[in-house]
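Heads up: the structure comes next, in structure tokens.
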Amino acid sequence: MRAKSEPAAQPPSSSASGGASSGASLDPIFHLLRVLPFSFLRPPRLRLKLPSLTLPSPNAVFALLLLTYFMVVSGIVYDIIVEPPGIGSMQDPYTGSVRPVVFMSGRVNGQYIIEGLSSGFMFVLGGIGIILLDLALDRNRPKSVKVSYASAGVSSVVLAYVMSMLFIRIKIPAYLR
């Protein structure tokens with residue numbers, strides 16, 4: 001064992017220039033390709049500025065989130081994968097005429113495109129109604145504005161609920177009866 005004051009023994013190197021760690025290569029072509037172009041070429045001085053990104057406004061973020069929510073609850077992923085028709089058709093048993101059908105009745109796991117969009121719109125309408133109810137609670141607003149927000153919010157939530165229940169009863173005829 002060596003004493004603490006003695007230096008550690010250096011491993012023998014394979015070349016006198018310090019080995020591969022110094023960056024030198026024994027290949028003369030590599031040396032020419034690395035050094036020769038820069039002996040007569042000079043790299044340009046680039047004065048590039050980094051692009052400055054500004055944050056979007058809160059209203060833009062809200063609109064993007066609301067649009068994303070609408071697309072998700074409308075079943076846009078289902079519509080892209082399955083590619084259902086936009087609207088269905090059914091033959092009237094009495095007259096024999098073909099009439100359009102918006103809801104795929106009796107099939108819970110299927111939908112037409114218009115059915116998904118209308119249901120998604122009702123969900124978004126209910127969400128906007130809840131946001132309006134929240135805005136009506138602000139103490140810094142005049143009373144007339146608060147009453148307007150509250151009445152619009154309540155009517156939006158009630159309309160969205162009633163229409164969603166109507167959509168469910170059309171979709172599943174014996175639901176909650």
Side-chain angles (χ1 to χ4, degrees), residues 21 23 33-34 37-38 41-93 97-177:
S21 63
L33 289 176
R34 206 174 109 204
F38 297 107
L41 293 176
R42 187 181 61 179
R45 294 183 188 186
L46 298 176
R47 293 185 183 131
L48 297 176
K49 293 182 180 179
L50 291 175
S52 63
L53 298 175
T54 59
L55 291 176
S57 68
N59 286 336
V61 172
F62 173 72
L64 182 68
L65 285 175
L66 195 65
L67 180 68
T68 304
Y69 175 71
F70 172 72
M71 288 173 44
V72 168
V73 298
S74 293
I76 194 78
V77 175
Y78 173 83
D79 291 341
I80 290 172
I81 293 172
V82 177
E83 296 179 1
I87 195 166
S89 62
M90 176 184 280
Q91 188 172 9
D92 192 8
S97 63
V98 177
R99 62 184 177 103
V101 176
V102 176
F103 291 95
M104 197 178 285
S105 184
R107 240 185 104 197
V108 180
N109 293 335
Q111 72 176 16
Y112 295 124
I113 293 175
I114 296 297
E115 175 185 353
L117 293 176
S118 58
S119 298
F121 178 73
M122 288 301 138
F123 294 148
V124 168
L125 183 67
I128 289 175
I130 291 173
I131 291 171
L132 288 173
L133 287 173
D134 181 56
L135 289 175
L137 294 176
D138 189 12
R139 294 182 182 184
N140 297 328
R141 297 189 193 278
K143 186 170 183 166
S144 63
V145 173
K146 289 181 0 179
V147 168
S148 298
Y149 279 164
S151 61
V154 167
S155 62
S156 295
V157 169
V158 168
L159 180 69
Y161 175 75
V162 168
M163 292 303 291
S164 295
M165 290 306 291
L166 178 69
F167 291 170
I168 288 175
R169 288 211 173 110
I170 292 171
K171 182 99 172 146
I172 309 167
Y175 182 70
L176 291 178
R177 289 190 188 193

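Because the structure is a prediction, the values reported are computed rather than measured.
- Interatomic distance, OG of Ser118 versus CG of Leu125, reported as 12.5 Å (0.5 Å rounding).
- The nearest pair of heavy atoms linking Gln111 to Pro84 is O-CB, 3.4 Å.
- Between the OG atom in Ser74 and the CZ atom in Phe121 there is a gap of 10.5 Å [rounded to 0.5 Å].
- Residue Ala136 comes nearest to Ala150 through the heavy atom pair CB-N, 3.7 Å, listed as atom of the first residue, atom of the second, then distance.
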(request) Before giving the answer on side-chain contact (heavy atoms from CB on, under 4.5 Å), spell out for Leu132 and Ile128 the whole-Å C-alpha distance, their side-chain angles and the decisive distance to 0.1 Å. (result) CA-CA 6 Å; Leu132 288 173; Ile128 289 175; 4.3 Å; yes
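- Between the CE atom of Met71 and the OG1 atom of Thr68 there is a distance of 6.5 Å, given to the nearest 0.5 Å.
- Among Ile76, Val82, Val77, the single residue meeting the side chain to side chain contact (heavy atoms under 4.5 Å, CB included) criterion with Ile80 is Ile76.
- Across every non-hydrogen atom of Tyr78 and Gly110, the tightest pair is OH-CA, 3.4 Å.
- Rounding to the nearest 0.5 Å gives a distance of 12.0 Å between OG of Ser148 and CG of Leu135.
- Pairing each heavy atom of Glu115 with each of Met104, the nearest pair is OE1-N, 3.1 Å.
- Listed by first and then second residue, the ring pair (Phe, Tyr, Trp, His ring centres under 6.0 Å) pairs involving residues 136-169 are Phe103-Phe167 (not counting sequence neighbours).
- A distance of 10.0 Å separates OG in Ser89 from CZ in Arg99, rounded to the nearest 0.5 Å.
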(request) Verify side-chain contact (heavy atoms from CB on, under 4.5 Å) between Val102 and Tyr112, making sure each step is shown before the conclusion. (result) CA-CA 7 Å; Val102 176; Tyr112 295 124; 5.9 Å; no
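- Here the CG-CG distance, from Leu67 to Leu64, works out to 6.5 Å after rounding to the nearest 0.5 Å.
- Residues meeting the salt bridge (charged side-chain N to carboxylate O under 4.0 Å, His left out) test with Arg169, sequence neighbours left out: none.
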